[in-house]
Amino acid sequence: MNVLSLNNVTKRFGGLTAVDNVSFHIEQGEIFGLIGPNGAGKTTIFNLITAIYSITEGEIYFNDKKLQRKKPYEIANMGVTRTFQNIRLFKKLTAYENVLTACHKSADYNIFSSIMRIGKFKLQERYLKNKTDGLLKLMGLWDYKDIVASNLPYGLQRKLEIARALALDPKLLLLDEPAAGMNPEETIQLMELIKEIRNKFDLTVLIIEHHMDLIMGVCDRIFVLNFGIPLALGTPKEIQENKKVIEAYLGKEEKTYAED
Amino acid sequence: GGSGTPKASGDTIKIGWIGSLTGDQAVWGTCESNTVKMLIEEVNAKGGLLGKQVEGIYYDTKGDAAEAVNAVKRLITQDDVVAIIGPNASGQAISISAVLEQYKVPDIATVATNPKVTVGDDGKVKPYNFRVCFIDPYQGAVAAGYACDKLGLKNAAILYDVASDYSQGFTEFFEKTFIEKGGKIVAKEGFKEGDVDFRPQLSKIKDAKPDLILMPYYYKEVALSANQARDLGINATLIGGDGWPSEQLMEMAAKSIEGSYVVNHLDFNDPEVKPLQEAYRAKYNLPMELNGYMAHDAFKLLEAAIIDASSADPEKITESLTKVTVEGVTGTIKLSEEDHNPVGKQAAIVKIENADYIFQEKYGLQ
Amino acid sequence: MSELFLQQIINGLSIGSVYALMAVGYSLVYSIMNFSNFAHGGVIMIGAYIGYFSLTFLKVPFFIAFVLSAFGSGILAVVMEKIVYRPLRKRNAPFLYFIISAMGASIFLENVVIASPIGPTFRSYPTVFSSEPIMLGSVALGRIDLLMFVISAISLMVLVYIIEKTKIGLSIRATSYSIKGSTLMGVNVDKVIFIIFVLGGLLAGLAGMLFGMRYTVYPQIGNITTKSFIAAVFGGLGSLPGAVIGSVLLGLIETMVSGYLSSQYRDLIAFALLILVLVVKPTGLMGKTTEDKA
Amino acid sequence: MLKINNLSVFYGGIHALKGVSLNVEQGQIVSIIGSNGAGKSTLINSISGIVKYKEGEIFYKGEKLSKQAHKIVKSGICQVPEGRIIFANLTVMENLRMGSFLRSDTNGIDKDLNRIFDLFPILKEREKQVAGTLSGGEQQMLAMGRGLMSNPDLILLDEPSLGLAPLLINTIFDIIIEINNMGKTILLVEQNAFKALSIADYAYVLEQGIITMEGNANELIKNEKIKEAYLGKKNVDFISV
Amino acid sequence: MSWDYVSGILILSGINLMTVLGLSLLTGFTGLFSFGHAGFMAIGAYMASSMTMKYGIPFFIALLIGGVSAMLVSLVIGKLTLNLKGDYFCIATLGFGEATRLILDNVQYFGGARGLSSIPTQGTTTLFNVIIINIVAVFVLVSIIRSRHGRNMVAIREEELAAQTIGIDVFKYKMMALAISALYAGISGGLLAHYLGYIQPIMFKMVKSTELTIIVIFGGLGSVSGSVIGTILLTFLPEILRSFYNWRLVIYGAAVILIMITRPQGLMGGKEFSIKSIIKSAKKFINFVRQRIGNKKEEVKS
Ligand SMILES: Nc1ncnc2c1ncn2[C@@H]1O[C@H](COP(=O)(O)OP(=O)(O)OP(=O)(O)O)[C@@H](O)[C@H]1O
Ligand SMILES: Nc1ncnc2c1ncn2[C@@H]1O[C@H](COP(=O)(O)OP(=O)(O)OP(=O)(O)O)[C@@H](O)[C@H]1O
Ligand SMILES: [Mg+2]
Ligand SMILES: [Mg+2]
């Protein structure tokens with residue numbers, strides 16, 4: 001079954017066509033890569049899926065439900081959540097509070113029970129706390145739980161964004177350059193973590209990255225975008241060998257300067 | 001008699017004053033408190049009251065009713081004043097009633113002209129609220145009567161401050177009397193306190209071709225609106241109330257208000273008023289505002305009541321306040337027992353001629 | 001067109017130019033510091049007093065009084081920036097703190113004047129030039145209005161030129177977005193802000209003096225800035241032409257409402273219109289609406 | 001050219017740099033590598049005057065370096081910050097003009113501008129676009145270009161390859177070399193340690209605010225410990241990076 | 001100091017505190033800045049007093065009616081303006097506050113500008129009642145803040161876009177914060193009316209709104225205890241300064257600036273004053289002393 005379908009999606013900004021007639025389908029449980037040169041329109045696609053931008057033409061379906069005209073929060077509630085390329089954490093809250101806040105959907109007590117502090121409230125709050133603890137431990141953030149988000153180093157901020165997204169129990173997770181600012185070793189660790197998360201939470205993941213070792217190591221299929229236009233779709237192996245992709249994006253081969 | 005300098009608090013009689021020393025009413029409040037200060041000094045120089053020195057305590061209310069309540073509580077419970085003079089606005093004067101009644105201390109309002117200051121909604125007089133000025137209905141009716149009967153003006157336009165209780169009250173009673181007397185209100189326009197430009201309203205008034213314009217508000221706005229009216233080519237006679245009289249008004253708009261009529265409490269050029277004016281100017285290097293005269297009369301009334309009671313006990317003073325009669329600068333002051341308002345106080349109609357307030361006649365209705 | 005209508009248009013334009021003169025100074029500070037400088041009214045008030053005392057006590061010619069008042073206000077604005085805003089800036093305080101400090105400053109300025117020997121009295125400017133309006137038929141056109149209009153227009157053009165076309169203007173705009181970024185480009189942020197406040201102060205001085213001539217001087221005269229703040233929002237905050245257009249529009253709307261609907265409910269209707277405009281265009285008339293990029 | 005002695009920085013209670021000393025010679029490319037939160041950006045920011053340091057000294061061209069950011073830029077040091085910090089409200093062109101804020105040699109500015117447009121043709125194309133709406137990579141290019149516009153002697157690059165497509169990363173490193181060949185000295189902070197070491201002359205390893213290792217870059221690149229910690233040893237199944 | 005005088009100020013603090021608490025939720029926790037809460041107070045004041053005066057409805061119910069009326073109005077206002085950002089919202093609320101006053105000025109049913117008098121003061125806004133109401137108000141507020149609803153509001157304050165993507169209905173929560181703050185302001189207005197016995201539209205000027213907002217920020221954004229302490233301090237301050245005659249507002253203005261520049265986080269700096277935190281800091285202190293002593297001993301030994 002297709003979890004996410006983009007059918008002939010187009011987005012224009014004034015004269016600029018950032019996304020041009022793009023279609024792809026992601027299956028349940030897949031880790032799907034979205035790559036392409038800078039400015040290809042990858043983040044724009046995320047913004048279209050999460051309704052931060054309005055779509056110019058085409059349709060997006062999530063589990064066969066149309067996403068148009070929905071508000072960003074409604075889409076989140078349907079089970080689609082994301083991280084941001086330019087990190088958008090709740091800057092002045094601690095790591096713990098960031099995740100705890102995002103857990104809110106796991107409770108359903110209303111404002112009156114929070115005033116009355118009746119049984120349901122306490123029970124659910126305890127559950128939220130346990131859940132937060134678990135997520136922070138999973139993402140390796142437990143030691144940083146009381147640090148204010150903006151004071152965390154860049155790499156950990158990215159992890160915290162993922163933790164926050166997971167708190168919603170999403171069905172589809174959109175990651176926008178999660179490894180930016182991480183060194184290769186950390187990137188590999190992140191790759192393992194993404195796999196682990198997928199299995200543990202039964203997730204479908206759509207991921208944008210420029211770190212090819214991560215993309216190639218983790219994705220089931222990859223979609224390549226160039227100037228808003230689809231360039232290729234295939235398994236990592238196919239993409240690596242695709243001439244057009246190499247030319248437009250990957251580059252011929254590794255250059256070394258050591259001898260220079 | 002007269003031991004001179006005050007020693008302990010038992011040796012002084014404390015009198016409180018409240019009003020606006022800050023905010024947009026500060027001009028009037030400052031003048032009132034200055035006047036009271038000056039009069040207390042005079043009294044003390046002559047040996048004080050009942051052989052005791054008089055001490056004044058002055059608190060700012062910012063023009064705010066809640067502040068007025070606090071200030072009165074402080075005056076009564078902390079400073080042990082025997083009576084209070086002020087405030088200069090009705091809202092504050094009404095709000096302090098409950099406190100006055102609780103502690104049984106009298107208050108004489110200066111220019112609080114709303115009827116409710118001394119009489120409750122139930123029609124009963126408030127035992128500790130007094131005033132020395134006449135009230136809105138009276139002032140409004142006098143202005144209407146004089147304009148209609150004496151000046152023969154029948155088409156009136158009104159420009160008033162919608163946010164001011166004084167202006168609204170004045171307008172209401174003017175309108176009522178004016179129509180009763182067969183006049184017509186051809187335009188009624190409002191503005192809001194803080195406004196400085198009235199030309200849109202005046203242009204509309206001009207279009208209604210009135211022969212008089214009522215301007216029931218304070219002199220700053222009077223000056224601005226009168227000037228702007230003349231600039232727009234409006235020639236109608238302007239009529240105003242006790243918000244007008246001031247030397248400042250002359251400075252700001254002498255030409256524009258030439259020939260206007262004002263319902264005032266007194267004749268500024270009365271020789272009996274001159275010494276007070278001059279003493280004030282000598283002391284503060286400022287012209288005296290109308291509030292100063294009212295504060296003067298309030299103080300004189302209080303002084304007489306204290307002497308009459310021959311005691312500084314607030315309750316006794318309260319009793320005496322309606323017994324005594326004093327010759328104030330604004331006329332003979334005698335407070336009625338029924339409503340604590342001055343009895344038989346006639347308005348002084350003043351015409352502005354050659355940049356001066358020329359007394360026309362004392363005028364009362366009927 | 002009836003004469004009344006023409007007169008009302010002129011009234012509206014002239015009230016609008018008063019708002020504009022203040023709104024520009026306001027908007028200028030907003031455009032860089034991203035907060036509403038509520039003390040601007042206080043500076044205008046001081047400017048009006050400086051002008052008044054220059055004319056009455058020092059008895060200097062009109063033009064010199066103008067210069068004194070502009071410079072006096074400029075200095076005051078800079079001093080205030082140093083004492084009130086700089087410490088906040090150094091700490092990267094959120095904009096709310098600036099607003100509150102500005103309010104504190106405005107309370108302070110107003111009351112310092114009241115408590116000082118200047119006192120709360122209204123003071124009227126000596127007649128500098130004939131206040132007789134120019135009559136076009138029976139439609140009156142005030143001389144000071146004309147002067148204000150011209151000064152608003154000129155100062156707007158000068159400012160827009162500075163902000164849009166000069167290097168210092170560029171650095172002002174850059175700093176308004178990111179202080180760290182422009183510091184890294186070698187911009188002396190303190191200096192940029194100094195310039196902003198000098199310009200804002202000069203304008204406040206001019207406005208104050210013109211106000212004083214038109215409406216007399218008193219400690220609360222700065223309160224009219226609330227209206228110009230509203231006008232600036234109307235036009236789109238941070239946009240100088242927006243501030244002027246918003247001001248003129250607000251002036252016209254107020255006038256037309258008073259003239260043809262109801263002067264008692266003037267502000268109510270004006271506010272309703274304002275909210276309507278904002279509902280349709282949430283960043284004001286000239287404010288830019290871009291899709292927030294995530 | 002740049003000499004740092006015993007630099008210590010605190011953020012409130014956090015001791016971010018603990019007595020760091022380092023040396024950059026004229027004309028060199030010096031790299032600093034280290035994991036997240038090691039204090040690399042803090043170090044760069046202290047040189048730029050953005051972060052105030054408590055202890056230690058910084059010498060530039062033999063003289064003590066000012067602590068005021070705008071004076072530091074004037075003396076010829078320019079930072080291309082982490083996370084770009086472009087002026088999102090200005091156009092691309094205006095951003096570049098801001099780069100040359102302290103310069104007045106119109107000819108030189110125009111020449112540099114053209115060179116930057118040669119290096120990053122996309123910037124020329126987007127000259128009038130508001131910078132905030134550029135894609136991440138485009139913004140990074142703009143930040144580099146803007147930095148170069150000040151014609152500095154010493155360039156501090158904080159993670160210049162962040163968020164760039166592989167092809168572009170190569171380009172960026174080519175450009176870094178090119179800039180270096182023009183006689184500019186470069187202090188480079190990079191997560192992409194392999195690349196960083198491969199173009200650097202000398203390198204330092206920063207761990208939790210302390211320099212734990214230093215040496216010639218071509219030696220460090222072979223160091224087992226470094227390989228393990230920063231180069232991603234398992235990183236063999238794919239050729240790039 | 002006489003108790004009556006002090007209790008009067010305490011009552012006034014309590015009245016102010018009601019509005020400040022609501023504003024604290026709106027401004028301190030949700031990040032919306034209002035210049036119009038005096039308008040909600042006015043609605044509450046007029047509704048509550050006409051209930052007690054004209055219909056003889058019991059005081060507490062009248063207060064509630066006043067509060068609920070303000071809240072209902074806030075729903076309409078919110079619907080129109082909550083999509084606006086920063087200063088735009090602020091101006092819209094300013095417009096609302098002034099418009100409310102203007103309507104009251106013109107509506108003769110409520111006495112117009114000349115106000116409404118003879119509002120019952122006996123046994124209504126007593127210190128006891130005010131304290132009880134405030135305790136309930138604080139309790140309710142803290143409960144909301146410490147629940148997922150409160151956390152969602154804080155998330156909106158911190159980063160609206162991110163709040164949306166974690167499934168927070170930003171509009172709804174802003175509305176909730178506005179409605180609760182309006183309810184509080186309405187009740188506060190009702191209390192004020194029954195304290196003074198007289199109300200007039202001019203009492204609910206914009207300065208009133210700004211004064212209250214100053215208190216919230218003075219006390220520290222995002223701190224309920226800061227709001228409480230701030231309210232009491234800033235209500236007492238002008239009283240203490242009363243004998244300074246017309247210099248007192250000069251000092252008040254200077255004090256506001258001084259606090260802002262020396263304690264830019266406000267009095268409480270977003271922290272809460274609680275028994276726990278006192279114990280915590282006491283423990284810290286004891287540990288610190290112990291270490292010190294321990295160190296000294298060691299030094300002596302070596
Ligand atoms: N709000 C906007 N207004 C105008 N143009 C925009 C806007 N958002 C994005 N663009 C343009 O759309 C194009 C695609 O941008 P997008 O951010 O999707 O790129 P990307 O693929 O994520 O690139 P990168 O890998 O560098 O992040 C870019 O050219 C960008 O400048
Ligand atoms: N403004 C700040 N306030 C408090 N702590 C900070 C601040 N900035 C950085 N830190 C802390 O200082 C340490 C060093 O941070 P820095 O940003 O220099 O690391 P970095 O090496 O650049 O990391 P990255 O590779 O993630 O960019 C980190 O522990 C970080 O949490
Ligand atoms: Mg992107
Ligand atoms: Mg860094």
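Numbered from 1 within each chain, the chains take letters A, B, ... in sequence-line order.
- With rounding to the nearest 0.5 angstrom, the CD1 atom of E:Ile187 is 12.5 Å from the CD1 atom of E:Ile15.
- Under a 3.5 Å cut-off, the side chain of E:Ser24 and the backbone N or O of E:Val20 do not form any donor-acceptor pair.
- Using a 4.5 Å cut-off between heavy atoms, E:Phe171 makes no contact with chain A at all.
- Looking at E:Leu72 and E:Ile43, their side chains never come closer than 4.5 Å, going by heavy atoms from C-beta outward.
- Only the side chain of A:Leu128 comes within contact range of chain E, judged by heavy atoms closer than 4.5 Å.
- For a residue to count as touching a neighbouring chain, one of its non-hydrogen atoms must lie under 4.5 Å from one of that chain's; by this rule A:Ile115 touches chain E with backbone and side chain alike.
- Here the CG atom belonging to E:Leu32 is positioned 8.0 Å from the CD1 atom belonging to E:Ile156, to the nearest 0.5 angstrom.
- Expressed to the nearest 0.5 Å, how far CD1 of E:Ile132 lies from CG of E:Leu127 amounts to 10.0 Å.
- Among A:Ala107, A:Ala167, A:Ala165, the residue with the largest count of heavy-atom pairs under 4.5 Å with chain E is A:Ala107.
- Under the 4.5 Å side-chain criterion, counting only non-hydrogen atoms from C-beta, A:Ile52 is not in contact with A:Phe46.
- Listed for the E:Asn129 side chain is no donor-acceptor partner under 3.5 Å among the backbone atoms of E:Thr125.
- Proximity to chain A (any heavy atom under 4.5 Å) is restricted, for E:Ile180, to the side chain, taken from C-beta onward.
- Ring centers of E:Phe96 and E:Phe40: under 6.0 Å apart, within the cut-off.
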Hey, can you dump all donor-acceptor pairs under 3.5 Å between chain E and chain A, distances included?
unit_1, atom_1, unit_2, atom_2, d
E:Ser143, O, A:Arg117, NH2, 3.3
E:Arg148, N, A:Tyr109, OH, 2.6
E:Arg148, NE, A:Tyr109, O, 3.2
E:Arg148, NH1, A:His104, O, 3.2
E:Arg148, NH1, A:Ala107, O, 3.4
E:Arg148, NH2, A:Tyr109, O, 3.0
E:His149, NE2, A:Tyr109, O, 3.2
E:His149, NE2, A:Ile111, N, 3.3
E:Arg151, NH1, A:Glu125, OE1, 3.2
E:Arg151, NH2, A:Glu125, OE2, 2.9
E:Asn152, ND2, A:His104, ND1, 3.1
E:Glu158, OE1, A:Lys91, N, 3.4
E:Glu158, OE1, A:Lys92, N, 2.9
E:Glu159, OE2, A:Arg88, NH1, 2.9
E:Thr165, O, A:Thr81, OG1, 3.2
E:Ile166, O, A:His104, NE2, 2.9
E:Asp169, OD2, A:Tyr73, OH, 2.8

